[in-house]
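Below is one structure; the comments refer to it alone.
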2 protein chains.
Amino acid sequence: MVATTSDRRVRRSQNALQTALLSLMSERQYDQITVQDVIDRADVGRSTFYAHYSSKEALLNASLGELRTVLTSPNEQPLGFSLPLLRHIEQHRALGQALFGSAQHTPVAQRIMSLLEEAIRQDLLQARLTQLPLPLDGFTKYAAGAYLAIVQWWLQAAEPMQPVELDRLMRRLILAATHP
Amino acid sequence: MVATTSDRRVRRSQNALQTALLSLMSERQYDQITVQDVIDRADVGRSTFYAHYSSKEALLNASLGELRTVLTSPNEQPLGFSLPLLRHIEQHRALGQALFGSAQHTPVAQRIMSLLEEAIRQDLLQARLTQLPLPLDGFTKYAAGAYLAIVQWWLQAAEPMQPVELDRLMRRLILAATHP
DNA sequence: TCCTTTCCGAACATGATGTCTGGAAACGAA
DNA sequence: TTCGTTTCCAGACATCATGTTCGGAAAGGA
């Protein structure tokens with residue numbers, strides 16, 4: 001969203017394309033949006049699109065400038081970016097859902113997450129862990145997301161720890177908040 | 001991976017297709033795999049594929065039977081599925097990376113996650129939180145994954161809480177393990 | 001005003017998806 | 001082994017999205 005050139009035509013084209021993409025992403029998933037859709041909404045020629053961006057991904061990158069700004073603003077405490085970010089998202093719910101829900105938009109992640117969530121939910125219910133700091137749904141999603149992220153890190157680590165270690169760690173990290 | 005029919009031809013075809021997909025997923029990302037790739041590796045005719053599965057997604061679903069089995073096995077404690085799952089993954093690293101890394105395979109999620117990770121890493125470093133229960137990389141990924149999941153839940157909630165509340169909750173959940 | 005850059009639309013090659021055909025092959029049951 | 005049924009196959013096909021290329025028209029800046 002930031003001006004790079006002095007040529008008004010360039011500015012107008014790029015801005016129209018970025019705005020069009022974000023607007024479309026508020027309505028449907030990113031991968032359901034074609035280049036044709038974008039240039040139609042931006043009212044820009046096909047060749048003009050490719051004159052500015054080599055692909056849809058390149059346009060996406062350019063379109064996320066505002067979010068980057070919010071996240072990289074200096075702050076004092078850990079997760080200091082959080083509150084401004086949450087307020088910002090609240091103002092743009094549809095776009096927020098598109099961006100933060102995007103991890104669900106791939107068939108694989110969708111299946112994995114839902115399998116994980118189901119397993120975790122069962123465990124929580126069975127263990128009578130009902131004194132949670134947030135509704136069961138939310139805690140389940142939190143736990144599944146955290147679990148997925150850690151396994152992912154584990155699989156990419158240069159010297160991966162033993163399953164037993166990692167398993168103990170999982171409990172310490174994820175279940176820490178279940179005992180208020 | 002489970003027999004449904006008594007006709008050997010059907011069993012062979014379905015098994016070949018499921019195995020081929022998982023095998024390909026150990027090599028590259030799911031969305032980089034075409035139906036043509038699958039049927040080539042399975043050595044099966046194109047029309048045969050569509051006789052059994054309506055799409056690549058349908059085949060994926062059928063192929064995840066084994067994982068479902070591991071996750072839904074009964075157990076006692078919360079996260080009881082974890083250790084068997086981790087052991088299982090360790091035996092199939094490539095496939096594990098494909099499945100659990102899948103959330104990163106969409107351009108949007110990839111950008112969001114990396115922006116989040118960067119912000120969190122900065123915060124942790126600045127706050128001198130170096131006594132973490134796991135390496136900084138891992139904790140960063142854990143925090144980012146958890147944050148993403150909670151925001152996602154928040155945006156879909158029927159009665160979403162206030163940003164201030166959620167922000168407090170985030171700290172309680174995510175940073176709980178930073179004070180050992 | 002004048003030179004340069006950008007825009008446009010249309011056409012094109014490429015490659016993936018999903019459907020459909022008729023004949024060949026494999027199956028299970030008798 | 002035979003026989004009726006089901007599945008498999010190759011290939012052709014329509015459809016749709018991507019990314020490239022072109023020359024002429026329009027808009028920009030100096």
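To find a chain, count down the sequence lines: A is the first, B the second, and so on, and within it residues start at 1.
By the side-chain contact (heavy atoms from CB on, under 4.5 Å) test, V108(A) is found to be paired with T106(A), I112(A), M25(B), Y30(B), L60(B), L99(B), S102(B), residues two or more places apart in sequence or in another chain being considered.
Rounded to whole Å, the distance from NZ on K56(B) to P on dA16(C) is 11 Å. Between the CG atom of N15(B) and the P atom of dT7(D) there is a distance of 17 Å, rounded to whole Å. E57(B) has its CD atom 14 Å from the C1' atom of dA16(C), to the nearest Å. Atom CG in D7(B) sits roughly 7 Å away from atom P in dC8(D) (whole-Å rounding). Here dT17(C) presents its C1' atom at 13 Å from CG of D37(B), a figure rounded to the nearest Å. Atom-to-atom, CG of L17(A) to C1' of dC8(C) comes out at 13 Å; the value is rounded to the nearest Å. Put simply, CD1 on I39(B) is 11 Å from C1' on dA16(C), counting in whole angstrom units. Atom CZ in R11(B) sits about 13 Å away from atom P in dT7(D), given to the nearest Å.
For residues 133-144 of chain B, the pairs satisfying salt bridge (Lys or Arg N to Asp or Glu O under 4.0 Å) are E117(B)-K141(B), R121(B)-D137(B), with sequence neighbours left out. Identified under the salt bridge (Lys or Arg N to Asp or Glu O under 4.0 Å) test for residues 14-35 of chain A, with sequence neighbours left out: E27(A)-R41(A), R28(A)-D37(A).
V164(B) forms part of a hydrophobic cluster together with L83(A), judged by ILVMFWY side-chain heavy-atom separations under 4.5 Å.
A side-chain donor-acceptor contact under 3.5 Å links Q36(A) and D40(A). Between Y147(B) and S82(A), the side chains place a donor N or O and an acceptor N or O closer than 3.5 Å (distance only, hydrogens not considered).
Put simply, R8(B) has a side-chain N or O that comes within less than 4.0 Å of OP1 or OP2 on dC27(C). For the pair S55(B) and dT17(C), the criterion of a side-chain N or O lying under 4.0 Å from OP1 or OP2 is not met.
By the 4.5 Å heavy-atom criterion applied to side chains, E118(A) and T72(B) are not counted as neighbours.
Ion pairing between a basic and an acidic side chain is recognised when a charged N comes within 4.0 Å of a carboxylate O; R11(A) and D7(A) show no such pairing.
Comparing R9(B) and Q36(B) by the nucleotide of DNA chain C that holds the closest heavy atom to each, the one mapping nearer the 5' end is Q36(B).
The overall bend of the helix from dT1(C)-dA30(D) to dA30(C)-dT1(D), read as the angle between its terminal helix axes built from five base pairs each, is 40° when rounded to 10 degrees.
Taking only side-chain atoms of V10(A), from C-beta outward, the nucleotide of dT18(D), dT6(C), dT7(D) with the closest atom is dT6(C).
A heavy-atom distance below 4.0 Å to DNA chain C is reached by these residues of residues 40-53 of chain B, ordered by number: R46(B), S47(B), Y50(B).
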What's the verdict on side chain to side chain contact (heavy atoms under 4.5 Å, CB included) for R93(B) and Q97(B), showing C-alpha distance, side-chain angles and the deciding distance?
CA-CA 6 Å; R93(B) 278 186 76 84; Q97(B) 284 175 353; 4.0 Å; yes
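Using a 4.0 Å heavy-atom cutoff across all strands shown, S54(B) reaches no nucleic acid atom at all.
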